[in-house]
Amino acid sequence: TVGAVAVDLEGNLAAATSTGGMTNKKYNRIGDSPIIGAGTYANNETCAVSCTGHGEYFMRAVVAYDVSCLMEYKGYSLQQACDYVVNDKLVKLGGEGGLIAVDAQANIVLSFNSEGMYRAARRNQEPTYLRIYND
Amino acid sequence: MKNIALAIHGGAGTILRTAMTPEKERQYLTALEQAIEVGHQILRSGGTAVEAVIKAVQRLEDNPVFNAGKGSVFTHDGHHEMDAALMCGRTLEAGAVAGVKNVRNPIILANEIRVHSEHVLLTGSGAEEFARERNLPFEPDTFFYDEYRYQQWVQAQATNTVSLDHTEDRKFG
């Protein structure tokens with residue numbers, strides 16, 4: 001699975017996710033990636049989110065929209081919302097994976113509960129952040 | 001001047017740390033760096049967030065090291081089924097596609113659905129028909145063939161398991 005989230009000069013947000021699914025899958029199984037609110041979500045008032053991981057858990061937890069809801073209804077920061085959903089809610093469900101998120105202030109969160117997540121980020125003219133594992 | 005930011009991921013099912021070689025690591029990091037540069041350049045030059053995420057994901061789809069687009073894994077019957085979604089935070093417009101075969105860049109199709117249809121999610125042959133109507137490029141099965149993915153599929157078939165991206169020791173049987 002791959003994904004991207006961005007905020008532009010106008011303060012507008014967007015999220016995109018694309019996947020080839022799971023190796024050896026049957027029955028036309030679909031994961032969370034193309035499900036708006038589960039694997040992909042964007043709202044200028046809160047955040048843009050793209051998820052990756054074991055999709056069935058991300059669908060049950062409605063992960064991407066849940067991050068947005070925690071910001072909208074409970075006043076969580078982007079970091080607080082992502083930490084709660086990925087490292088608490090998802091872990092309790094047994095879901096493994098992560099997400100990338102950005103808000104209108106250009107805060108970036110790269111959160112995962114797996115051994116690693118191929119990830120990169122760049123804010124303004126700052127150096128590009130590149131990582132694979134949880135270093 | 002307002003802040004701009006872009007983040008990308010290439011999946012959470014990483015190769016085990018013990019199996020990662022310096023050459024492989026460089027390959028992944030270079031691919032990520034190229035994709036982030038493509039999207040960030042769009043933002044720097046005043047492009048929209050939607051344009052930036054599409055181009056960054058398209059670049060990742062075109063790189064066979066990631067499980068999307070060209071690098072998609074094999075299904076049980078030896079094909080490739082791809083899914084993608086896109087959402088604009090300003091308008092809340094969304095487009096998504098699921099279970100399509102042979103479409104070169106599913107993220108482009110998702111955006112075409114967002115912009116040119118009254119629907120949000122199209123699937124399977126219907127989504128492929130829409131892609132043809134929008135003149136999107138298709139590729140033969142050989143385009144999506146990758147020896148590493150093929151070996152993953154052979155192993156998964158032998159053990160009757162379903163596995164996530166690159167992860168080789170955590171399978172869902």
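In this text the structure is predicted, and so the values were computed from the model without any measurement. Chain letters run A, B, ... following the sequence lines, proteins first and then strands; every chain starts at 1.
- You'll find the side chain of B/Asn3 reaches within 4.5 Å of the side chain of A/Arg123, heavy atoms only.
- Ring-plane geometry between B/Tyr28 and A/Tyr118 is classed as parallel, the angle between the planes falling under 30 degrees on a 0 to 90 degree scale with a further cut at 60.
- Of the atoms belonging to A/Cys47, not a single heavy atom falls under 4.5 Å from chain B.
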Which is it for B/Arg17 and A/Glu115 under the side chain to side chain contact (heavy atoms under 4.5 Å, CB included) test, yes or no, and what are the steps along the way? CA-CA 8 Å; B/Arg17 195 189 294 258; A/Glu115 183 184 17; 3.3 Å; yes
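- Between chain B and the options A/Gly11, A/Ala101, A/Ala6, A/Gly39, heavy-atom pairs under 4.5 Å are most frequent for A/Ala6.
- A donor-acceptor pair under 3.5 Å links the side-chain atoms of A/Asp8 to the main chain of B/Ala49, judged by distance alone.
- Among the candidates B/His80, B/Glu25, B/Glu33, B/Glu37, the residue making the largest number of heavy-atom pairs closer than 4.5 Å to chain A is B/Glu33.
- No donor-acceptor pair under 3.5 Å is formed between the side chain of B/Asp83 and the backbone N or O of A/Ser33.
- Looking at B/Leu43, the atoms closer than 4.5 Å to chain A (heavy atoms on both sides) sit in the backbone and in the side chain alike.
- Per-residue heavy-atom pair counts under 4.5 Å with chain A were compared for B/Glu51, B/Gln58, B/His76, B/Glu61, and the maximum is reached by B/His76.
- Residues A/Asn24 and B/Thr161 are not in side-chain contact: their nearest non-hydrogen atoms beyond the backbone lie 4.5 Å or more apart.
- Under the 3.5 Å distance criterion, with hydrogens and angles disregarded, a donor-acceptor pair is assigned to the side chains of B/His9 and A/Ser50.
- Contact of B/Val50 with chain A is made through backbone and side chain together, with heavy-atom distances under 4.5 Å.
- Note that CG of B/Leu32 and CZ of A/Arg119 are 9.5 Å apart. Values are rounded to the nearest 0.5 Å.
- Between the side chains of B/Glu81 and A/Asn28, at least one donor N or O sits under 3.5 Å from an acceptor N or O.
- Contacts of B/Ala98 with chain A are made by both backbone and side-chain atoms, with heavy-atom separations under 4.5 Å.
- Of the listed residues (A/Gly31, A/Ala121, A/Gly55), the one with the most heavy-atom contacts under 4.5 Å to chain B is A/Ala121.
- Only the side chain of B/Ile36 comes within contact range of chain A, judged by heavy atoms closer than 4.5 Å.
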Chi angles and distances behind the side chain to side chain contact (heavy atoms under 4.5 Å, CB included) call for B/Asn67, A/Thr19: CA-CA 6 Å; B/Asn67 177 21; A/Thr19 188; 4.2 Å; yes
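- Judged as a ring-ring contact (aromatic ring centres under 6.0 Å, His included), the pairs with a partner in residues 12-41 of chain A (not counting sequence neighbours) are, in order, A/Tyr41-A/Tyr65.
- Most heavy-atom pairs under 4.5 Å with chain A, from the set B/Gly69, B/Ala68, B/Ser72: that is B/Ala68.
- Under the 4.5 Å side-chain criterion, counting only non-hydrogen atoms from C-beta, A/Asn124 is in contact with B/Ile4.
- Only the side chain of A/Val102 has a heavy atom closer than 4.5 Å to any heavy atom of chain B.
- Looking at A/Glu45, there are no atoms closer than 4.5 Å to chain B (heavy atoms on both sides), in backbone or side chain.
- Residue B/Thr30 holds its OG1 atom at 8.5 Å from CG of A/Leu130, rounded to the nearest 0.5 Å.
- No donor-acceptor pair closer than 3.5 Å links the side chain of A/Thr1 to the backbone N or O of B/Gly11.
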